[in-house]
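Accompanying notes for the structure given below.
Along the sequence shown, the residues carry numbers beginning at 1. On a predicted model such as this, the values are computed, not experimentally measured, just so you know. Atoms considered below: every heavy atom in the structure, side chains included; atoms not considered: hydrogens, waters and symmetry mates. One-based numbering, in listed order, for ligands and for the atoms of each.
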Amino acid sequence: MRKKIVAGNWKMNTTVADGVQLAKDLVAKLSEVPSDVNLVVAPPFTHLCPVAEALKGSRIALSAQNCADQPKGAYTGEVAANMLVSAGCAYTILGHSERRQYYGETSATLVSKLGLALENGLKPIYCVGEMLSERNEGRHFDVVKAQLEEVLFGLSADQMANVVIAYEPVWAIGTGVTATSDQAQEIHAFIRKVLASKFGALAEEITILYGGSCKPSNAAELFACKDIDGGLIGGASLKADDFIAIAKSY
Ligand code: PGA
């Protein structure tokens with residue numbers, strides 16, 4: 001049985017006080033969510049410690065949105081994987097399309113980040129996904145395959161077992177346009193096939209999330225797909241009711 005995960009990517013939203021309140025609201029509503037659905041929240045770095053405190057004793061796990069590609073030292077403005085662990089994180093998102101697009105993250109950087117995250121016991125939520133132009137040109141399979149091969153194929157099977165994948169078509173992120181469940185299932189199955197070509201049967205155990213304008217009205221249909229094991233939720237994770245409704249619809 002693959003682990004079901006619904007993760008909230010808060011991106012650069014909320015103040016510390018608002019973020020702590022959101023975490024408390026989620027904890028208060030947690031009993032509505034089936035116990036086999038694992039919830040994760042990824043607040044900004046500044047919020048991690050107080051949000052960890054607010055989540056204490058609940059089954060909501062904490063994630064960062066990024067981590068440094070260096071273990072420590074003179075890298076002003078960066079936050080290292082072991083610091084995230086010490087702040088209470090169990091996960092970190094890596095390779096989000098906004099990091100790739102706006103901050104020039106390459107596969108080489110992501111190999112370092114993933115390695116450091118895993119070394120320190122953080123589970124990476126590794127994001128892949130094509131841009132609209134790439135889909136229109138029919139290149140989405142090739143793009144996603146390259147993102148998987150370049151960053152994950154150097155991992156051992158033991159390391160890979162701790163990686164969660166998030167497929168997020170860039171054209172669906174924050175746009176209100178969601179991939180249809182057929183489009184999403186097609187590429188999730190493809191991702192599993194690519195993983196199987198390197199990791200064999202382990203591919204069946206890997207959790208693959210869908211992300212991109214996932215909301216209470218479309219989550220159930222997406223989560224019903226055979227190869228979709230949950231969601232990475234942006235905008236709709238900022239409202240406790242919506243995030244819980246998405247998790248409940250599983
Ligand atoms: P969205 O973002 O749900 O707001 O489209 C998803 C993401 O970027 O993780």
Side-chain angles (χ1 to χ4, degrees), residues 4-14 18-19 22 26 37-45 47-48 51 60-67 89-105 110 113-114 117 122-132 134-135 140 143-144 147-148 151 163-181 183-184 187-188 191 207-223 225 228-250:
K4 300 174 176 180
I5 297 177
V6 175
N9 176 9
W10 296 2
K11 306 193 179 184
M12 198 171 72
N13 292 297
T14 73
D18 292 344
L22 177 52
L26 293 174
V37 178
N38 297 277
L39 291 186
V40 177
V41 292
F45 289 139
H47 303 27
L48 291 173
V51 168
I60 305 178
L62 188 64
S63 175
Q65 298 176 14
N66 182 26
C67 85
C89 290
Y91 292 87
T92 182
I93 297 171
L94 287 175
H96 190 280
S97 64
E98 287 150 17
R99 302 288 321 164
R100 294 179 192 261
Q101 258 186 295
Y102 309 146
Y103 300 96
E105 279 192 5
L110 288 166
K113 292 186 176 201
L114 228 92
L122 279 177
K123 292 181 175 28
I125 301 175
Y126 175 61
C127 303
V128 297
E130 80 285 357
M131 315 243 260
L132 183 59
E134 292 165 337
R135 179 164 279 263
H140 45 296
V143 168
V144 168
Q147 290 169 336
L148 294 168
V151 176
V163 177
V164 173
I165 310 261
Y167 167 65
E168 300 201 303
V170 178
W171 45 273
I173 296 176
T175 57
V177 181
T178 319
T180 64
S181 51
Q183 282 173 323
I187 203 135
H188 278 237
I191 289 169
T207 295
I208 308 178
L209 311 179
Y210 169 79
S213 298
C214 189
K215 44 191 178 247
S217 58
N218 60 24
E221 191 186 336
L222 288 159
F223 297 166
C225 297
I228 299 182
D229 309 310
L232 181 55
I233 321 298
S237 72
L238 295 170
K239 287 198 189 119
D241 285 341
D242 284 356
F243 189 60
I244 294 292
I246 290 170
K248 265 167 75 172
S249 72
Y250 213 136

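The shortest heavy-atom distance from A236 to ligand 1 is not under 4.0 Å. For the ligand labelled ligand 1, residue H96 lies inside the 4.0 Å heavy-atom shell.
Counting atoms of ligand 1 from 1 in the listed order, those under 4.0 Å from a heavy atom of G212 are 5 (O). With ligand atoms numbered from 1 in the order given, ligand 1 contributes 6 (C), 9 (O) to contacts under 4.0 Å with heavy atoms of L232. Residue G235 approaches ligand 1 through these ligand atoms, each under 4.0 Å from one of its heavy atoms: 1 (P), 3 (O), 4 (O).
With a heavy-atom cut-off of 4.0 Å, A172 touches ligand 1 through its backbone alone. The side chain of N9, and not its backbone, has at least one atom closer than 4.0 Å to an atom of ligand 1 (non-hydrogen atoms only; side chain from C-beta on).
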Show your working on side-chain hydrogen bond (donor to acceptor under 3.5 Å, both in side chains) between E105 and H96 and close with a plain yes or no. CA-CA 9 Å; E105 279 192 5; H96 190 280; over 6 Å; no
Go through L232 and I93 one step at a time and tell me if the side chain to side chain contact (heavy atoms under 4.5 Å, CB included) criterion holds. CA-CA 10 Å; L232 181 55; I93 297 171; 4.1 Å; yes
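The closest donor-acceptor contact from the side chain of E134 to the backbone of M131 lies under 3.5 Å.
The pair R135-E130 meets the salt-bridge criterion, since a charged nitrogen lies less than 4.0 angstrom from a carboxylate oxygen.
Any N or O atom pair closer than 3.5 Å counts here, and E98 shares no such pair with ligand 1. Taking any N or O of I173, backbone or side chain, none lies under 3.5 Å from an N or O belonging to ligand 1. Between T175 and ligand 1, not a single N/O pair is under 3.5 Å apart.
Y167 meets the ring pair (Phe, Tyr, Trp, His ring centres under 6.0 Å) test with H188; sequence neighbours excluded.
Ranking the protein heavy atoms by distance from atom 9 (O) of ligand 1 puts E168 OE2, 2.7 Å first.
Q101 CD: more than 12 foreign heavy atoms inside a 6.0 Å radius.
By heavy-atom distance, the residue among G234, G174, G211 lying nearest atom 5 (O) of ligand 1 is G174.
Residues Q147 and V151 fail the side-chain proximity criterion, which asks for heavy atoms closer than 4.5 Å. Counting only heavy atoms from C-beta outward, the side chains of I173 and S213 never approach each other to under 4.5 Å.
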